[in-house]
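Since the structure comes first, as structure tokens, the remarks are kept for the end.
The chains referred to below are lettered A, B, ... by the order of the sequence lines, with proteins before strands, and numbering in each begins at 1.
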Protein chains: 2
Amino acid sequence: MESDTTEYILDRQVGFLLRRATQRHLAIFATQIPDLTPTQFAALAKLCEAGPESQNALGRQTAMDAATIKGVIDRLRAKGLVTAGRDPGDQRRITLAASSQGRALYEARVAQAQAVTRDTLAPLTESERDCFLALLAKLT
Amino acid sequence: MESDTTEYILDRQVGFLLRRATQRHLAIFATQIPDLTPTQFAALAKLCEAGPESQNALGRQTAMDAATIKGVIDRLRAKGLVTAGRDPGDQRRITLAASSQGRALYEARVAQAQAVTRDTLAPLTESERDCFLALLAKLT
DNA sequence: AGCTTATTGTTCGTACACAAACATAGACCT
DNA sequence: AGGTCTATGTTTGTGTACGAACAATAAGCT
């Protein structure tokens with residue numbers, strides 16, 4: 001039996017499906033939380049949940065490289081949601097913390113953020129959801 | 001029993017996992033196919049598999065909006081992989097086709113492109129793979 | 001102390017991704 | 001024919017993403 005190894009079916013490639021699922025997810029996120037992007041929310045959430053941190057360390061925890069986290073933090077600082085100061089013990093470090101405004105906004109949006117995950121997974125049944133998340137986590 | 005509805009665990013949100021899985025996939029793609037990006041390859045592949053098409057139509061088939069597909073096609077044209085001409089029947093349309101160079105490059109890379117999907121799904125077992133792809137396709 | 005190496009943050013260049021506003025061209029309808 | 005609606009492509013602006021190169025600082029080693 002000759003299998004069609006030469007045929008490339010775009011719609012069956014993981015990358016393509018991942019891209020489409022991400023597109024849908026981003027649309028859902030933008031609907032639920034119009035005033036923050038997913039990465040901005042992730043950074044703010046980490047600062048609120050885990051406390052002050054250096055910029056690079058925060059980037060590592062939120063899976064953003066140094067160049068990316070910089071842009072995200074710049075925008076959060078411009079919005080007054082995050083404050084920054086030099087670390088007295090290490091002159092290279094910038095210590096970041098959520099401002100009171102940032103914390104308030106975070107707390108006001110957590111419920112919607114959880115709704116985003118719910119809505120994104122809505123096409124799946126309860127058990128499919130668990131299965132999907134477990135498998136997705138393995139591809140990290 | 002009080003459930004922690006207020007706690008937001010980043011690492012359990014679909015969006016975060018999708019982003020990380022995508023990051024890993026992009027890294028694998030860049031290793032296997034350094035001379036094209038995933039979107040560029042997708043556009044080229046569609047043109048090779050499905051034949052000439054208008055720019056917007058190609059965008060729809062590859063899940064890119066008009067602004068995005070334009071940039072992708074501009075870069076493919078700059079590399080000489082895609083040729084473009086006005087549609088005689090509809091003066092708005094740009095008819096795109098893979099050049100002979102483009103077709104040759106595509107054929108030389110299909111095997112690697114399939115390896116990308118294989119490598120990306122490598123952490124999963126055979127049956128997990130099918131399950132995952134089926135569920136992922138539902139979130140589209 | 002002096003040298004080396006690693007870490008932190010910045011900047012630049014490239015490439016998606018989408019919203020919004022725009023110009024042009026077809027299609028349709030009365 | 002004239003008017004409306006839709007489709008096609010372009011442009012601009014904002015926001016991720018990442019690689020590469022860089023300066024400043026810290027840490028470790030001899």
Which nucleotide in the list [options] gets nearest to the side chain of [X]?
X: A/Gln55; options: D/dG15, D/dC18, C/dG9; result: C/dG9
X: A/Ile94; options: C/dA17, C/dA15, C/dG9; result: C/dG9
X: A/Gln23; options: C/dT8, D/dG15, C/dA17; result: C/dA17
X: B/Ala67; options: C/dC18, C/dT11, D/dT16; result: C/dC18

N/O to N/O distances under 3.5 Å, protein versus nucleotides 25-28 of chain D:
| residue | atom | partner | partner atom | Å |
| --- | --- | --- | --- | --- |
| D/dT25 | O2 | A/Arg92 | NH1 | 3.1 |
| D/dA26 | OP1 | A/Gln91 | N | 2.7 |

Query raised in the report: Which residues pass the side chain to side chain contact (heavy atoms under 4.5 Å, CB included) test with A/Ala57, sequence neighbours left out?
Result: A/Glu53, A/Ser54, A/Arg60
Length of the line joining [X]:[atom1] and [N]:[atom2], which is rounded to integer Å:
X: A/Phe29; N: D/dT16; atom1: CZ; atom2: C1'; answer: 13 Å
X: A/Arg75; N: D/dG13; atom1: CZ; atom2: P; answer: 16 Å
X: B/Arg86; N: D/dT8; atom1: CZ; atom2: P; answer: 13 Å
X: B/Phe41; N: C/dA15; atom1: CZ; atom2: P; answer: 17 Å
X: B/Asn56; N: C/dT24; atom1: CG; atom2: P; answer: 17 Å
X: A/Leu76; N: D/dT14; atom1: CG; atom2: C1'; answer: 14 Å
X: A/Asp65; N: C/dG13; atom1: CG; atom2: C1'; answer: 14 Å
X: B/Asp87; N: C/dT24; atom1: CG; atom2: C1'; answer: 15 Å

Query raised in the report: Please walk me through it: do B/Asp35 and B/Arg109 pass salt bridge (charged side-chain N to carboxylate O under 4.0 Å, His left out)?
Result: CA-CA 10 Å; B/Asp35 47 4; B/Arg109 296 285 180 279; 2.8 Å; yes
Between [X] and [N], is there a contact of a side-chain N or O with OP1 or OP2 at under 4.0 Å?
X: B/Arg19; N: D/dA17; result: yes
X: A/Thr37; N: D/dG15; result: no
X: A/Arg93; N: D/dA24; result: no

**Report entry** Whether A/Phe132 and B/Phe132 hold their rings parallel, tilted or perpendicular, with breakpoints at 30° and 60°
**Finding:** parallel
Query raised in the report: Any idea how B/Tyr106 and B/Phe41 line up, ring-wise: parallel (<30°), tilted (30 to 60°), or perpendicular (>60°)?
Result: tilted
Query raised in the report: Relative to the 5' end of DNA chain D, which residue comes earlier, B/Leu26 or B/Lys70, by the nucleotide with the nearest heavy atom?
Result: B/Lys70
Query raised in the report: Given the rule that I, L, V, M, F, W and Y join up when any side-chain heavy atoms are under 4.5 Å apart, are B/Leu47 and B/Val72 in one cluster?
Result: yes
Query - Side-chain donor/acceptor of A/Lys138 to backbone N/O of A/Leu133, under 3.5 Å - result: no
Report task. Answer whether the closest heavy-atom distance between the side chains of B/Thr68 and B/Thr39 falls below 4.5 Å. Result -> no
Requested in this report: State, with a plain yes or no, whether a side-chain heavy atom of A/Asp74 is found less than 4.5 Å away from one of A/Lys70.
Outcome: yes
Query raised in the report: Base, sugar-phosphate, or nothing: which does A/Thr68 touch, judged by heavy atoms less than 4.0 Å apart?
Result: base
Report task. Classify the nucleic acid contact of A/Thr39 as base, sugar-phosphate or nothing, counting any heavy atom under 4.0 Å across all strands shown. Result -> sugar-phosphate
